[in-house]
Amino acid sequence: MAKDIEILKNENMNIADKIYIFDTTLRDGEQTPGVALTVDEKIQIARKLNNLGVDKIEVGFPASSKGELESAKKIRAEDLDSTLVGLSRSLSSDIDAVLDADLGYIHTFIGTSPLHRDYKLKKSKEEIIQSAVESVEYAKDHGLTVEFSAEDATRTEKDYLFEVFSEVVDAGADFLDVPDTVGVLTPIFTHELITDIKNNFKTPISVHFHNDFGLATANTLTAIECGADQAHVTVNGLGERTGNCSLEEIVMTLKSVYGVDLGIDTTRLYSLSQLVGRLTGVKMPVNKPIVGDNAFAHESGIHVHGILNNSFTYEPMSPEMVGHSRRIVLGKHTGANALKSKLKEYHIELDEEQFCKVFDEIKSLGDSGRCVTDDDLIAIAITELSSARETPIVIKGLSISMGANVSPTATVKLEIDGVEKETASTGVGPIDASLTAIRELIQDTMEIELEEYNLAAINGGTDALAEVFVITSDPDGNQSTGRSTNQDIVMASILAILDSINKLLLIKRSI
Ligand code: KIV
Ligand code: ZN
């Protein structure tokens with residue numbers, strides 16, 4: 001029976017009974033450089049966040065533009081279960097925009113650090129307190145739930161920060177938020193600060209930590225260990241500069257490591273991450289925790305062997321818990337167990353000799369620096385199975401003629417299943433002309449589409465080796481990769497295309 005990890009929560013921690021997840025993907029997340037979401041896209045994300053079960057969704061900054069106000073109104077009209085929040089500065093006109101969007105919860109902020117007071121707001125400490133108090137009172141008078149943020153709290157003098165907090169509490173603030181606006185906290189300072197705030201204030205405490213030094217999740221977790229009642233997070237850790245604390249990281253750490261159930265449907269995390277990645281255009285690195293492509297991928301033979309016996313040997317949680325999937329990757333570290341399980345996945349049965357040959361080929365592909373895809377494996381195994389070591393299509397001749405202002409012509413001779421055929425075609429360039437000729441020559445055998453073409457020079461100089469990688473597909477949706485290295489770019493391209501076509505043909509014939 002699989003054994004889950006030990007729950008690490010202990011009595012030295014002061015974890016609140018209820019921890020609120022405040023998602024700000026649609027506000028701080030949208031402040032990621034280069035990201036702008038349409039109203040429709042914001043609605044799609046808000047629905048998914050709601051289905052995931054986050055407590056609060058910061059829908060935007062309604063006073064900042066007509067579009068922001070409109071999207072806040074439209075999300076409001078969705079009648080979601082999560083509490084919807086609008087951002088505002090400490091200005092009555094900003095608060096009016098939140099009211100106009102009919103949001104019941106406001107997140108109002110003002111800079112409190114010396115840098116913000118002196119260089120941005122040009123206000124004295126007293127003036128800052130006055131603006132903060134007036135805005136909290138104004139929002140409360142209009143029936144809003146008020147969360148107050150002391151922007152750049154972590155670079156604010158502690159006694160002054162506490163003075164600001166106590167004044168806004170007196171004015172009626174319902175939540176006090178501690179933004180680490182430029183991500184300068186470390187876990188030990190977070191511990192000190194949040195413990196101190198919790199000892200001095202009864203009002204629930206929220207934290208909003210940025211990731212400039214890669215510490216946002218660690219700091220947020222520390223704050224929660226010290227009693228913080230709420231975490232501001234974003235999907236995929238999006239946000240200003242290097243982003244905010246990542247929703248999926250904090251939720252899964254709390255669930256898997258601390259055994260804290262936040263009422264979040266974690267099985268929806270991966271698809272939410274994918275949606276946000278697609279709509280924002282910010283793709284996750286493969287090694288991003290929880291939702292990256294490699295989060296549940298294994299190559300090393302030792303690890304795969306362990307995983308196949310009991311997945312907890314090399315995974316701290318199961319991919320199913322977050323709606324992701326496990327991937328066994330083939331390469332130079334592959335072990336026999338991994339290969340056997342892959343072949344089983346594709347219902348390919350090999351005898352011992354065939355298995356050894358496929359195993360050796362995969363190892364040598366890995367050793368030569370290639371990444372071995374599942375398509376490669378299928379093609380290698382099928383080639384082995386059909387014992388058709390000779391390729392069905394072989395290049396027998398190629399000549400290119402080019403002239404100024406004339407389209408290049410490629411004359412290609414192929415041997416297809418032992419029969420020689422030749423044709424000439426023109427194209428926008430020599431590779432295009434050659435591909436057209438190949439298509440013409442193989443048209444009675446198969447149709448192909450060139451899905452991807454990548455050319456790289458292996459070393460410098462005009463005699464550089466060209467390495468071409470292609471993906472081709474057939475009308476049945478089969479895809480296959482092809483690679484070749486040659487000093488001639490056109491020849492490298494044609495050999496890579498034929499390599500891929502031959503694999504497709506073997507797949508087609510084996511089905
Ligand atoms: O990072 C920050 O300080 C903010 C404020 C608006 C709270 O996003
Ligand atoms: Zn922020």
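Not measured: the values here are computed from a predicted model. Each ligand, and each atom within it, is numbered from 1 in the order the structure gives.
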### Message
Over 60° means perpendicular and under 30° means parallel, so tell me whether His107 and His208 are parallel, tilted or perpendicular.
### Response
tilted
### Query
Of all residues at least two apart in sequence or in a different chain, which pass the side-chain hydrogen bond (donor to acceptor under 3.5 Å, both in side chains) check with Ser271?
Lys48
### Query
Heavy atoms under 4.0 Å from ligand 1: which residues qualify?
Arg27, Asp28, His107, Phe109, Ser149, Glu151, Pro179, Thr181, His208, His210
#### Entry: Ring-face cation of Lys125 near Tyr160 (centre distance under 6.0 Å, axis angle within 45°)
yes
### Query
Is there a side-chain contact between Met317 and Phe296, using heavy atoms and a 4.5 Å cut-off?
yes
#### Entry: Counterpart residues, side-chain contact (heavy atoms from CB on, under 4.5 Å), relative to Gln130 (two or more places apart)
Glu134
### Query
From Glu240, does some N, O or S atom reach closer than 2.8 Å to the Zn ion (ligand 2)?
no
#### Entry: Lys74 and Asp40 ion-paired at < 4.0 Å
no
### Query
Taking the Zn ion (ligand 2) as the vertex, what is the angle from NE2 of His210 to OD2 of Asp28, given to 10 degrees?
100°
Review item, side-chain donor-acceptor pairs of residues 281-291, under 3.5 Å, at least two apart:
from: Lys283; atom 1: NZ; to: Gly277; atom 2: O; distance (Å): 3.4
from: Lys288; atom 1: NZ; to: Ser246; atom 2: OG; distance (Å): 3.4
from: Lys288; atom 1: NZ; to: Glu248; atom 2: OE2; distance (Å): 3.0
from: Lys288; atom 1: NZ; to: Glu249; atom 2: OE2; distance (Å): 2.7

